[in-house]
Visitor: 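Could you have a look at this structure, given as structure tokens, before my questions?
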Amino acid sequence: QVNLVESGGRVVQAGDSLTLTCDANGDTLRRYSIGWFRQAAGKDREFVAAISWITTVYEDSVKGRFTLSRDNEKNAVHLQMHNVIPEETAIYYCAAKHDSYELRSRYSYWGQGTQVTVST
């Protein structure tokens with residue numbers, strides 16, 4: 001029922017910062033846990049970060065550099081990325097689900113993705 005649209009992906013230099021946004025239509029994101037995933041060319045999709053009603057979790061390699069937050073006024077979530085590295089070049093997707101049991105997987109709704117390219 002909820003439609004998700006990612007934005008903010010662009011070409012950046014290693015060490016730069018950028019913010020990705022997941023906008024929602026059709027339902028309020030306050031009702032969902034929201035996850036961010038990325039998929040590099042030729043590789044499997046991997047977990048990046050997720051936020052529920054009570055906690056926020058991050059993949060180990062992004063801890064201390066990425067921050068996930070809710071913007072309830074705009075019915076959106078933001079992924080702030082700092083000090084990015086070339087290995088993080090990928091399509092980034094946001095996803096939503098109604099529970100908060102396993103935040104690294106099992107999402108029901110997905111956006112179409114936004115491309116992040118980190119150059120050296």
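Here, residue 1 is the first one in the sequence, and each next residue gets the next number. Side-chain atoms are counted along with the backbone in the values below, which use heavy atoms only and exclude waters and symmetry mates.
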Visitor: Report, as yes or no, whether the 6.0 Å neighbourhood of atom CD on Q115 holds more than 12 heavy atoms from other residues, nucleotides or ligands.
Guide: yes

Visitor: Could you pull out the closest heavy-atom pair between R38 and A90, with the gap in Å?
Guide: CB-CB, 3.8 Å

Visitor: Less than 4.0 angstrom from a charged side-chain N to a carboxylate O is my criterion; do E88 and R65 meet it?
Guide: yes

Visitor: Near N72 CG, under 6.0 Å, is it more than 12 heavy atoms from other residues, nucleotides or ligands?
Guide: yes

Visitor: Of the non-hydrogen atoms in P86 and A14, which two are nearest, and what is the gap between them?
Guide: CD-CB, 4.0 Å

Visitor: Is a side-chain donor or acceptor of T114 paired with a backbone partner of G9 at a separation under 3.5 angstrom?
Guide: yes

Visitor: Same cluster or not: are V77 and W110 linked, directly or through other Ile, Leu, Val, Met, Phe, Trp or Tyr residues, by side-chain heavy atoms under 4.5 angstrom apart?
Guide: no

Visitor: Side chains of W36 and Y92: does their closest heavy-atom pair fall under 4.5 Å?
Guide: yes

Visitor: To the nearest 0.5 Å, tell me how far L79 CG sits from L68 CG.
Guide: 6.0 Å

Visitor: State, yes or no, whether a side-chain contact exists between V84 and V12 at a heavy-atom distance under 4.5 Å.
Guide: yes

Visitor: Cluster question for you: counting only ILVMFWY and a side-chain heavy-atom cut-off of under 4.5 Å, with indirect links fine, are Y109 and F47 together?
Guide: no

Visitor: Does S52 reach the main-chain N or O of S100 with its side chain, forming a donor-acceptor pair under 3.5 Å?
Guide: no

Visitor: Out of curiosity, R70 CZ to I34 CD1, how far, rounded to the nearest 0.5 Å?
Guide: 5.5 Å

Visitor: Tell me the closest heavy-atom pair linking G15 and N83, and the distance in Å.
Guide: CA-OD1, 3.4 Å

Visitor: Please give me the minimum heavy-atom distance between F66 and V48, naming the atom from each residue.
Guide: CD2-CG1, 3.8 Å

Visitor: Indicate if L103 and I51 have the same hydrophobic cluster label, given that clusters are the connected sets of ILVMFWY residues with side-chain heavy-atom separations under 4.5 angstrom.
Guide: no

Visitor: Taking it one step at a time, do N3 and Q112 satisfy side chain to side chain contact (heavy atoms under 4.5 Å, CB included)?
Guide: CA-CA 10 Å; N3 297 310; Q112 294 300 306; over 6 Å; no

Visitor: Please report the shortest heavy-atom distance between S69 and Q80, naming the atom on each side.
Guide: OG-NE2, 4.5 Å

Visitor: Find the distance between CD1 (I85) and CG (D16) and round it off to the nearest 0.5 Å.
Guide: 13.5 Å

Visitor: Test of understanding: with side chain to side chain donor-acceptor pair (under 3.5 Å), list the residues that count as partners of E59, not counting sequence neighbours.
Guide: S61

Visitor: Could you tell me which residues satisfy side-chain contact (heavy atoms from CB on, under 4.5 Å) with S105, sequence neighbours excluded, listed by chain and number?
Guide: E102

Visitor: Going by heavy atoms in the side chains, are R104 and F37 under 4.5 Å from each other?
Guide: no

Visitor: According to a 4.5 Å side-chain heavy-atom criterion applied to Ile, Leu, Val, Met, Phe, Trp and Tyr, with indirect links allowed, do Y93 and Y32 form part of one hydrophobic cluster?
Guide: no

Visitor: Are M81 and V57 connected in the hydrophobic side-chain network, where two residues link if heavy atoms are under 4.5 Å apart?
Guide: no

Visitor: Using the rule given for side chain to side chain contact (heavy atoms under 4.5 Å, CB included), can you reason through L29 versus L4, listing the C-alpha separation, both sets of side-chain angles and the distance that settles it, and then say yes or no?
Guide: CA-CA 10 Å; L29 289 185; L4 306 175; 4.0 Å; yes

Visitor: What is the distance from atom CD of Q13 to atom OG1 of T120, rounded to the nearest 0.5 Å?
Guide: 8.0 Å

Visitor: What closest approach, in Å, do Y107 and G35 show between heavy atoms, and which atom pair accounts for it?
Guide: CE2-N, 3.4 Å

Visitor: If you look only at distance, which donor and acceptor atoms sit under 3.5 Å apart when one is on a side chain in residues 17-26 and the other is two or more places apart or in another chain?
Guide:
unit_1, atom_1, unit_2, atom_2, d
S17, OG, H82, ND1, 2.8
T21, OG1, H78, ND1, 3.0

Visitor: Would you sort out whether Q39 and E46 count as a side chain to side chain contact (heavy atoms under 4.5 Å, CB included), showing the intermediate values?
Guide: CA-CA 6 Å; Q39 186 168 22; E46 65 176 357; over 6 Å; no

